[in-house]
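Structure first, then comments.
In the text below, chain A, chain B and the rest are named by the order of the sequence lines, each starting its count at 1.
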Protein chains: 2
Amino acid sequence: MLDERKKRILGAVVHNYITTAVPVGSRNIAKKYKLGLSPATIRNCMADLEELGYLAHPHTSAGRIPTDKGYRFYVDSLMEQEDLSSEEKRKIEKEYSHKMNRIDEIMEETSQVLSLISHYTGLILAPNLEKSIFHHLELVSLENGRILSILITGSGLVKNKIIEAEEILPEERLEEILDLINDRLSNLPLKRIKEFISDQLKIKTYSVKIWELMNQIFTWDGAEELYLRGRINILEQPEFKDLTRTKSIFQALEEKRLLVEVLSRPTPSEGVRVLIGKETRCRKIRDLSLVTSTYSINGRPVGILGVIGPRRMEYSKVVSLVDFTAKIVSEVLTDLSHTTKVYG
Amino acid sequence: MLDERKKRILGAVVHNYITTAVPVGSRNIAKKYKLGLSPATIRNCMADLEELGYLAHPHTSAGRIPTDKGYRFYVDSLMEQEDLSSEEKRKIEKEYSHKMNRIDEIMEETSQVLSLISHYTGLILAPNLEKSIFHHLELVSLENGRILSILITGSGLVKNKIIEAEEILPEERLEEILDLINDRLSNLPLKRIKEFISDQLKIKTYSVKIWELMNQIFTWDGAEELYLRGRINILEQPEFKDLTRTKSIFQALEEKRLLVEVLSRPTPSEGVRVLIGKETRCRKIRDLSLVTSTYSINGRPVGILGVIGPRRMEYSKVVSLVDFTAKIVSEVLTDLSHTTKVYG
DNA sequence: ATTAGCACTCTCATTTAACGAGTGCTAACT
DNA sequence: AGTTAGCACTCGTTAAATGAGAGTGCTAAT
């Protein structure tokens, strides 16, 4: 375990590096942070911290920069959460003040807010359909036996899908099955609906065709939607002025699949999660950090939002931002889910 | 008018600059293009072309680069369209070979294709709702008098909108009005529907509430959807290694409104349109060129697609690409529109 | 244990010089 | 008269040289 002095010096180095982006030297620390120590002492201490793996040298005779381990310790033990300024809070609340009826508006707005306030890249993963609650299904027959299905979830998400039925189904038959579904399955999690379809519907007298149809309606390509805003903010950071590296990072940010994969990893704990550099376990974004939180509807977590930016991120502020935003989004979505019950 | 020699030399300069991105000198031209002229002669000629405004000097003792006027002349009179290789054609057709039922899939696919083949940035503006044909409307009552409207166009575009009705409307009333709309207005351009609503519906005995409701359904925020792919390809070009300028270009590319504005300008002519540098009449993208074409459904133009890239673009190839892609997209959408007639 | 002092290292910015591509002009050539 | 060769000149690019500055690590003194 680090002693008090080491902690304070590590904290000072990380803090200074985060704000200046310049490798920090002992003299600098001695001047800016009143630790009551001379540069020489600090130097010794920093050498120790380096040996312990918390700091690194870009080269001899340059200051130190934190390693991932250093950032990790800072985030876990040293940093104190820096509340958003009341102005920032106001700004966020204002963005959500006007009525939004559609989930995708809320997603757009949220990624925008996260990017705007953090000056990094904001992201939000749309509510996972699997975890959503079923509310209503509407079917419209199209030509050639194709059917447009409109699925409404408890959170107000509307999902359209066009289905090719092999055989044209009579209108009455559809009505019948539709009523059954809407009567019996309302408020069930979508995940459970497929089970129901397998169990109930198959046993009953309904034809295989209808079973297949329903199966198709409640199956969707797993491609969860990811909203990203403010990618250019990455270019703002001095460490990315070198183009070659920057380009590969942009490429990674264009690959939604990659980010979705990283984001959907099971969350070990409640609240805000911080992934630093290599901890993302993904080469392409190993120079970036990720601050995320789940957001929920009626207390049930349905999606993930957060900020992605340079390793040298203002964690103390971003953690607050992500936390705050997640709470607001949860509220907004929960409200929406209450007013989106199907009528009659 | 330029004489034959000037044309050939201008063509050579533009071509060479497009392929190498290096200001081109007389010696270079003399060697690579067999014009049967000595460097000195070419020099004189280039000096003339400069005076006429077709070429420019970055500085004395550097080669020439084309001006916008130079590119324009090249595109209009010199360039010969370079057909896509059969491999490229195959590649494109393959991308469209699997069944796509939803417009947005087609849009995603198309912007992707344009970016992939051109190595610049691909873009497509989704079909303009105003110009679309109405096919079917579906209404679902939600709690609190809110109504989910589902609008299906002839091209298979499905548009959801949640409407807040001030007063709860009885189900029968909705059914009634819905039948009227679907019976009478099918196959009308959406633009005309609003007129119909104003004229017919108002005169009849329907309440003001219903009129307002319909009005809301057929009114949408003009925000047309723009699909963009391959923005990073911009970084690929040597002229953008300077960051400050690049950043502002990226910012411009993030601003969809800006691009939508430029794209939706009325097209003067049929076929592929090329806008070079300043011709875009937009400061932020004055270093870029735009190659666009309309695409259509059943012969009626409904949207715009194209490629945006450096002024020094391979026009001869990109023009072919955009032309070809527009034709394919038109076919795909027209097919889709035929199979998306509402049943019964 | 802490600190002051000092030699040493390494980067970065600046200067300097050489280089070379390209021009523009003139005079010779066909 | 148009074309070409020759040549001086310009200017940007690149590489090497230089010096300043920041920072370290070690040693010896406090």
[X] [atom1] to [N] [atom2]: how many Å, rounded?
X: B:Ile65; N: D:dG12; atom1: CD1; atom2: P; value: 14 Å
X: B:Met46; N: C:dT23; atom1: CE; atom2: P; value: 5 Å
X: B:Arg43; N: D:dG2; atom1: CZ; atom2: P; value: 18 Å
X: B:Tyr17; N: C:dG22; atom1: OH; atom2: P; value: 14 Å
X: B:His57; N: D:dC9; atom1: NE2; atom2: C1'; value: 14 Å
X: A:Asn44; N: D:dA28; atom1: CG; atom2: P; value: 15 Å
X: A:Ile29; N: D:dA22; atom1: CD1; atom2: C1'; value: 14 Å
X: B:Asp48; N: C:dG24; atom1: CG; atom2: P; value: 10 Å

With ring centroids as reference points, do B:Tyr17 and B:Tyr74 lie under 6.0 angstrom apart?
-> no

Would you say a side-chain N or O of A:Thr41 is under 4.0 Å from OP1 or OP2 of C:dT3?
-> yes

Presence of A:Arg64 side-chain N/O under 4.0 Å of D:dT24 phosphate oxygens OP1/OP2 =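 For A:Arg64, the contact criterion (side-chain N or O under 4.0 Å from OP1 or OP2 of D:dT24) is met.
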
Any sub-3.5 Å donor-acceptor pair from A:Lys256's side-chain atoms to A:Leu226's backbone N or O?
-> yes

Has the side chain of B:Ser61 got a donor or acceptor atom sitting under 3.5 Å from an opposite partner on the base of D:dT10?
->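 Checked by distance alone, the answer is yes.
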
Quick one: the side chain of A:Arg27 and the base of D:dG23, do they pair up donor-acceptor inside 3.5 Å?
->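 No.
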
Ion pair check, B:Arg72 and B:Glu279, cut-off under 4.0 Å =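 So B:Arg72 pairs with B:Glu279 through a salt bridge.
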
Can we say B:Arg311 and B:Glu239 salt-bridge, meaning some charged N sits less than 4.0 Å from an Asp/Glu carboxylate O?
-> no

Residue pair B:His59/B:Ala40 against DNA chain D: nearer the 5' end by closest nucleotide is B:Ala40

Could you check which of C:dA4, C:dT23, D:dT4 has an atom nearest any side-chain atom of A:Ser38?
->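 My answer, after comparing the listed nucleotides, is C:dA4.
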
For B:Thr60, report the nucleic acid contact type (base, sugar-phosphate, nothing); a contact means any heavy atom under 4.0 Å.
->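 It contacts sugar-phosphate atoms only.
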
So does A:Arg27 have more than 12 non-hydrogen atoms from other groups sitting under 6.0 Å from CZ?
->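 Counting neighbours around CZ of A:Arg27, 12 or fewer heavy atoms of other residues, nucleotides or ligands fall under 6.0 Å, so no.
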
